[in-house]
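Contents: one structure, followed by commentary.
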Amino acid sequence: QVRLVESGGGLVQAGGSLRLSCAASGRTVSDYVMGWFRQAPGKEREFVAAISRSGTITNYADSVKGRFTMSRDNAKNTVSLQMTSLKPEDTAVYYCGARYTDLDYEVRRNSYDYSYWGQGTQVTVSS
């Protein structure tokens, strides 16, 4: 069982930056593929970024590539999402997900592949 808690959301102007964090407890996060997803009102949850358990492989949605950076600190049991050049269309609730794996190179883009989720943190980008 993994418990995930997101933080760092807020209100920011277009062009600004935010850093989201996801703190894991219960199990060591180094055994898990980690992902960030987001869900805007009236829309389905969509993939944002994922990182392999070692942190050597990352994968990003085209809409955030070059603007967002996902990282992890397994020693601190945390993952982060650095978001820059934010746009109003980035407005959503951002969720952290975890999937157990024994593969060092695995990343996942489908939310159904993740077993554990945090409660989400709201990101609002004003124009």
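Remember, predicted model here, so these are calculated numbers, not experimental data.
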Is any side-chain heavy atom of Y114 closer than 4.5 Å to a side-chain heavy atom of V33? yes
I'd like to know if the side chain of D104 reaches the main chain of S52, judged simply by a donor and an acceptor atom lying under 3.5 Å from each other, with no hydrogens or angles considered. no
What verdict does the side-chain contact (heavy atoms from CB on, under 4.5 Å) test give for R67 and M83, after you've listed the backbone C-alpha separation in whole Å, the side-chain angles of each residue and the deciding distance to 0.1 Å? CA-CA 6 Å; R67 300 188 298 122; M83 306 186 295; over 6 Å; no
With distance as the sole criterion, is a donor-acceptor pair present between the side chains of S80 and Q82 under 3.5 Å? no
For K65, all residues meeting salt bridge (Lys or Arg N to Asp or Glu O under 4.0 Å), sequence neighbours excluded: D62
Checking R27 against Y32: charged group under 6.0 Å from the ring centre and within 45 degrees of the axis? no
Got a second to check how far Y100's OH is from E106's CD, nearest 0.5 Å? 11.0 Å
Among L81, V93, T91, L20, find the residue that satisfies the side chain to side chain contact (heavy atoms under 4.5 Å, CB included) test when tested with V123. L20
Before giving the answer on side-chain contact (heavy atoms from CB on, under 4.5 Å), spell out for F47 and R108 the whole-Å C-alpha distance, their side-chain angles and the decisive distance to 0.1 Å. CA-CA 9 Å; F47 170 75; R108 294 280 179 149; over 6 Å; no
Please answer: with hydrophobic residues joined when any side-chain heavy atoms are less than 4.5 Å apart, are F37 and V64 in the same cluster? no
When you measure from the side chain of E6 to the backbone of T121, do you find a donor-acceptor pair of N or O atoms at a distance under 3.5 Å? no
Passes side-chain contact (heavy atoms from CB on, under 4.5 Å), V79 versus W36? Steps please. CA-CA 9 Å; V79 294; W36 283 101; 4.2 Å; yes
Short side-chain to backbone donor-acceptor contact, N59 and A50, under 3.5 Å: no
Give the intermediate values and the outcome of side-chain contact (heavy atoms from CB on, under 4.5 Å) for residues Q39 and Y95. CA-CA 8 Å; Q39 188 166 16; Y95 296 92; 4.1 Å; yes
